[in-house]
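Single-structure report; data block below.
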Amino acid sequence: MDKERRLIIAGNWKMNKTVAESADLVNGLKRELSGVKEVDIVVCPPFTALSEVSKAIIDSNIRLGAQNMSEQNYGAFTGEIAAGMLRDLAVRYVILGHSERRQYQKESDALIAKKALAAHAASLKPIVCVGETLSEREAGQMKAVVETQTRGSLAGLTAQQIEETVIAYEPVWAIGTGKTATSAQAQEVHAFIRQILGQIAGEAVARKVRIQYGGSVKPANARELMGQPDVDGALVGGASLEERSFADIIKNTI
Ligand code: PEP
């Protein structure tokens with residue numbers, strides 16, 4: 001697929017997979033995807049499996065991501081993980097502000113922005129998630145919600161940092177529900193997010209930022225979604241838990 005920006009497809013394993021299961025999955029992906037040069041491939045296992053997966057992907061085309069991190073650098077923050085600790089395991093990306101964390105941990109845009117700054121300071125690339133709920137969409141608030149989240153979650157970042165940030169547009173009503181946004185719905189919001197990025201960081205930067213779509217991405221819909229001009233990849237939940245479906249999503253976009 002000929003795209004303006006290089007596609008980035010990331011698997012968010014959420015709270016699934018033991019260490020042994022994680023190693024099995026990533027070893028299978030390595031075999032399946034070793035020839036893929038056109039797409040940035042990222043897997044985001046649970047924290048407990050990062051070390052094992054990190055060792056398994058040395059010298060492969062698969063990169064490592066985490067699902068969250070602290071906005072703090074070190075110290076008395078029981079249960080938290082700092083950006084530097086992730087770097088220590090050769091983690092390159094970190095998902096921030098996933099809708100599940102916004103909902104269950106009540107993460108705010110301001111907190112997500114602090115985390116994004118801490119991630120960049122440690123040379124980690126944040127994947128910042130934004131997206132509206134079904135009731136917000138039905139109330140005609142989709143653009144207002146996405147704009148507030150995008151501006152708030154990137155507050156304080158330099159244009160250079162924004163260029164090195166990945167945005168994931170994930171309509172909450174499409175996550176884990178089997179309901180996918182149509183490619184036209186996704187393109188509309190992606191183009192809108194790029195317009196906001198242009199206002200924040202300038203047109204040249206906005207043209208370089210990769211915006212992933214997330215929400216029930218499967219092998220059958222990946223090609224059409226990623227064929228949209230402003231859709232630069234996918235953040236995949238359920239379908240990233242199996243070697244066949246995650247590999248096929250990637251292969252179907254080449
Ligand atoms: C996600 O949680 O980021 C996600 C997109 O999940 P799913 O693919 O299962 O809808």
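We use all heavy atoms of the structure for the numbers below, so side chains are in, but hydrogens, waters and symmetry mates are not. Every number for a ligand or one of its atoms is a count from 1 in the order of the listing. Not measured: the values here are computed from a predicted model.
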Measure from atom 10 (O) of ligand 1 to every heavy atom in Gly176, Ala234, Cys44 and give the option owning the shortest one.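 Looking at heavy atoms only, Gly176 sits closest to atom 10 (O) of ligand 1.
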
Under a heavy-atom criterion of less than 4.0 Å, does Ser216 contact ligand 1?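 The answer is yes: ligand 1 sits under 4.0 Å from a heavy atom of Ser216.
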
What about Gly214: any of its N or O atoms under 3.5 Å from an N or O on ligand 1?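 No; the residue has no nitrogen or oxygen that sits under 3.5 Å from a nitrogen or oxygen of the ligand.
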
[atom]: nearest protein contact (heavy atom, Å):
atom	result
atom 5 (C) of ligand 1	Glu170 OE2, 3.1 Å
atom 8 (O) of ligand 1	Gly237 N, 2.8 Å
atom 1 (C) of ligand 1	His98 NE2, 3.2 Å

I'd like to know if Arg5 and Asp230 make a salt bridge, using a cut-off of under 4.0 Å between side-chain N and carboxylate O.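 Result for this pair is yes, salt bridge flagged.
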
Any salt bridge linking Lys3 with Glu38? Criterion: basic side-chain nitrogen under 4.0 Å from a carboxylate oxygen.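 Salt bridge absent between Lys3 and Glu38.
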
Which ligand 1 atoms, with their elements, are less than 4.0 angstrom from a heavy-atom of [X]?
X	result
Lys14	1 (C), 2 (O), 6 (O)
Ala174	10 (O)
Gly238	7 (P), 8 (O), 9 (O)
Gly215	5 (C), 10 (O)

Going by side-chain contact (heavy atoms from CB on, under 4.5 Å), Met69 matches just one of Ile95, Leu86, Val91. Which one?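 For Met69, the side-chain contact (heavy atoms from CB on, under 4.5 Å) check succeeds only for Leu86.
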
Listed once per pair and sorted, the side chain to side chain donor-acceptor pair (under 3.5 Å) pairs that draw on residues 125-135, sequence neighbours left out: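 Matches after skipping sequence neighbours: Glu132-Arg137, Glu132-Tyr169, Glu132-Trp173, Thr133-Ser135, Thr133-Glu136.
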
Give the C-alpha distance, both sets of side-chain angles, the deciding distance and a yes or no for salt bridge (charged side-chain N to carboxylate O under 4.0 Å, His left out) between Asp232 and Arg194. CA-CA 11 Å; Asp232 311 310; Arg194 203 174 301 288; 2.7 Å; yes

Any donor-acceptor pair under 3.5 Å linking the side-chain atoms of Gln199 with those of Arg151?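 Distance-only check passes for Arg151 and Gln199.
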
Determine whether a donor-acceptor pair (N or O, by modelled atom type, separation under 3.5 Å) exists between the side chain of Asp40 and the backbone of Arg6.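 No; judged by distance alone, with no hydrogens or angles, the pair does not exist.
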
